[in-house]
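Scroll down for the structure; my scribbles are underneath it.
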Amino acid sequence: MPQVSMTVNGKSATGEVEGRTLLSTFLRENLNLTGTHIGCDTSQCGACTVHVDGKQVKSCTMLALEAEGAEIATIEGQAAEDGTLNAIQQAFQDHHGLQCGFCTPGMVMAAASLLKENPKPSEAEVRHHLEGNLCRCTGYHNIVKAIMAASGQDVSAIAAE
Amino acid sequence: MPKDGGPNGGIGASTTRREDVRFLSGTGNYTDDINIRGQAYVHFLRSDVAHGRLNKVDTSEAAKMPGVVRIFTGADFEGIGGLPCGWCVTDKHGQPMQEPAHPVLAQGKVRHVGDPIAAVVAETPEQARDAAEMIELDIEELPAVIDMKAALEDGAPKVHDDLTSNLCYDWGFVEENKDAVAKAFDEAAHVTTLELRNQRLVANPMEPRVAIGDFNRATGDHTLYTTSQNPHVIRLLMGAFVLGIPEHKLRVVAPDVGGGFGTKIFHYAEEAFCTFAAKAVNRPVKWTSSRSEAFISDAHGRDHVTTIQLALDKDNNFTALRTDTHANMGAYLSTFAPSVPTWLHGTLMAGNYKTPLIYVNVKAVFTNTVPVDAYRGAGRPEATFQLERVIDKAARELGVDPVELRRQNFITEFPYATPVAVEYDTGDYHGTMDVLESMIDRAGFDARRKESEARGKLRGLGVNCYIEACGIAPSNLVGQLGARAGLYESATVRVNATGGIVVMTGSHSHGQGHETTFPQVIAEMIGIDASMVEIEHGDTDKAPMGMGTYGSRSIAVGGSAMVRAAEKVINKAKKIAAHLLEASEADIELADGQFSVAGTDKAVAWGDVCLAAYVPHNYPLEEIEPGLEETAFYDPANFTYPSGAYACEVEVDPDTGKVEILSFAAADDFGNIINPMIVDGQVHGGIGQGIGQALLESCVYDEDGQLLSASYMDYAMPRASDVPFYAVDHSSQTPCTHNPLGVKGCGEAGAIGSPPAIVNAVVDALRSGGHDIYHVDMPVSPSRVWAAMQG
Ligand code: FES
Ligand code: FES
């Protein structure tokens, strides 16, 4: 089986994969980074969202071999070494932006890439950016609110908690 | 009990969720995250035809494929129990429903696309899949029945050859009222009739189902890890009825579960298979559903076709209600399927109104489709939708205000015994409607409508009410109604020697936040910090036998069990404290984590009493045992009856038929509330799913039984840009009178209450544009709206 090497959350990672192995599978099964979730098989749910060379990518849309030499960031690398949540993660907790948590890693990674490009997104821009990330639990209300709060905007006027 | 949360994060505090930390850092433990050393993987070969005779399943070539461990077919399961149905409905003639066998792997026939035929166990998931493609099938395709009414026609192909027809049951409720209802219709001043469909949906929790079977040959112990809302129920059903494994040799673990919404209540073939196969191949066996597989193997929801009629007198009082529903069961009876269109639907037809006479007829029908069972709300959304739609239509026919027509007919006195066999304990429907009206600025609607019209858009306002029966359920009552299970809940409160507490609950969290809210209750009761309390759930080896989480029952039933167990702990701790303080037990008070003697300054701390219980040197050993751990089982005396009033404003584009939701407001009465933030979140999520049903989602079969909406390409899930921010208010609170917390449950309200508000709003918008329309079926898609506008 071919070998693949990449950097994941700042550490080098190597593994043997089949040609058909997806990046999402490689992260979960070879590297045991099970925070990246698989919610569909048509690349539409976004639960598997990671960053590849700084860009937001659904890791089920990429073969592991295509990530040769790439810098990958996953949900496991978002908090500080001591476990302190980053600003986006903390906003999700503060604003109840998650329930079952299954979509959450993808949502956090998508939010991180949005805020990098657009530090103060409007509600419509947040909603538009989440086009490829499905959540079945929250009705999106608190996810959108959390992302806006993470960008430093005042969300106290948004209805309810 | 105080409702401000207090300093300890007690009842009423919007405490942030402790479980979030692991979910946010990617360290949750979902079933697919579990890998057991030596595990093999199973791939199910599923039927791609809706109905067929299985002439041959030849696995000989497949068995030679690399990595194959063993291939199983229906023959391996001959003589093994099929999947049981947990509820037997009695029809209107007093006869039990028709109940077909439901084999783990197909025997002789396949009955829906997705019916599992064979299972390949191999070293890797890819090898299992590759080998499955080499299985040779000889299936003689038979004509399929998809449409319910066609399925009931004489000469229709039968889904099950050994049943007399495709009719599962014909249920009349209350059958004795039927003639009186007919008479009331004869005498009515006005009758409104509405035909509608409550379309088939797929629950779609974002985590697909997973099962891992494990078997210890040395001890004979089985373990099943599964994505379940109720691991004990799975243990009982699978152990006792399918595989014949006694409960003490079977452990079922449902770890972090990524959403359920009903579809993870049921016992599925894949769970039984993995448990069985782990022993047969002497290796752990893992199955992970793909999303495509989920669409054809997870139980679906809804799928009712209904005609409802409302009779009114000359003063617009409701005098009678009659409804006639065909409910799709699919090809087999899923675990609780028969109860959904009957006892979870017919009993709710009174809604918030004092209609004196009601008759509900339901024909449950077998078709060559995926089985249908409970999905968020289960029966109650179907009841609410038809009732609130027919009231809206009546108001429009009569030219009266839809809110006033509702108010005029509200039940105002409690307890209230409905004509459909349930008794509402509390509610304040005018008060809740007042809250809603204060949220939506009805007076300003006309101006908003003009503003929309100026932009060429049609604006509509829809309002509706709902009532639901939650906190299921009194066991003796549901037993009489055909349930084959009790519906109590359990909890063990284990106090450790240094005062920390672990609560083992039979409830299960798959997003609801029990790990945060349950400790809030204990913190409140004892006056300690919530961080001193941990919740264990989801493992049958830890928690006492419990019934799990569905039907908005966790806090109302599971929370009550926990309160009862905590009360026992506190009573015992008071005895210990009395001994330590050399006082009479009757004088001991517990507040802020201190036991004190009333009227004195003598006190002993919670932690010291706990330590005394486990280091019983100075201890009344002749009167009480050491230790501090109690278990309680709580069986509710009644259902709880959350209620609410919802409003939605939409804009319809008359050129395209596209509906946009501009605002959504929900006023709910959930009784007392433990954590307002989490309650809001539950309502948001329910509304999100309700918007999905009203505007987007539809599970569609073609006439041959092929599922056309079998992936996220074809099944339109609501996305962030399809929904607005929601306004949610639960300040209207009439506490439940029969459980210790006065709570009613909030998990399903949003999904129950929102679809009619949206469709009412769309009809309102279209009528404002001069279209003589009273109804548009869900999903209210642009093409449907556009077609309706063309007449
Ligand atoms: S798993 Fe990658 S988009 Fe769904
Ligand atoms: S939190 Fe459950 S899917 Fe988003």
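Nothing here was measured: the structure is a model prediction, and the numbers come from that model.
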Check your understanding: Which region of A/E18, side chain (C-beta onward) or backbone (N, CA, C, O), has a non-hydrogen atom less than 4.5 Å from a non-hydrogen atom of chain B, or is it both or neither?
Key -> side chain
Point to revise | Lys/Arg-Asp/Glu bridge criterion (N-O < 4.0 Å) met for A/K145, B/D680 | key: no
Check your understanding: Would one find more than 12 heavy atoms of other residues, nucleotides or ligands at under 6.0 Å from atom NZ of A/K120?
Key -> yes
Review point. Mind checking whether A/H141 and B/H684 have parallel, tilted or perpendicular rings, split at 30° and 60°?
Key: parallel
Exercise for review: Give the member of A/A124, A/G139, A/C100 that has the highest number of heavy-atom pairs under 4.5 Å with chain B.
Suggested key: A/C100
Review point. Between atom CD of A/Q93 and atom OG of B/S25, what is the distance when rounded to the nearest 0.5 Å?
Key: 10.0 Å
Check your understanding: Which region of A/T104, side chain (C-beta onward) or backbone (N, CA, C, O), has a non-hydrogen atom less than 4.5 Å from a non-hydrogen atom of chain B, or is it both or neither?
Key -> side chain
**Study point:** SB check B/E697 A/R136 (cutoff 4.0 Å)
**Key:** yes
**Study point:** Residue list, salt bridge (Lys or Arg N to Asp or Glu O under 4.0 Å) with B/R129, at least two apart or on another chain
**Key:** none
Exercise for review: Measure A/Q78 against the heavy atoms of chain B and call it side chain, backbone, both or neither at under 4.5 Å.
Suggested key: neither
Point to revise | A/E76-B/T27 side chain donor-acceptor pair, cut-off 3.5 Å | key: no
Review point. Non-hydrogen atoms of chain B under 4.5 Å away: do they reach the side chain of A/I38, the backbone, both or neither?
Key: backbone
Practice item. Flag the one option from A/G101, A/G83, A/G77, A/A79 with the top tally of heavy-atom pairs under 4.5 Å to chain B. Key: A/G101
Point to revise | Max heavy-atom pair count under 4.5 Å with chain B, selected residue of A/T138, A/V144, A/L130, A/N86 | key: A/T138
Practice item. Tell me, for A/L134 versus chain B, whether the close heavy atoms (under 4.5 Å) come from the side chain, the backbone, both or neither. Key: both
Review point. Does A/R28 pair with B/D32 as a salt bridge, N-O distance under 4.0 Å?
Key: yes
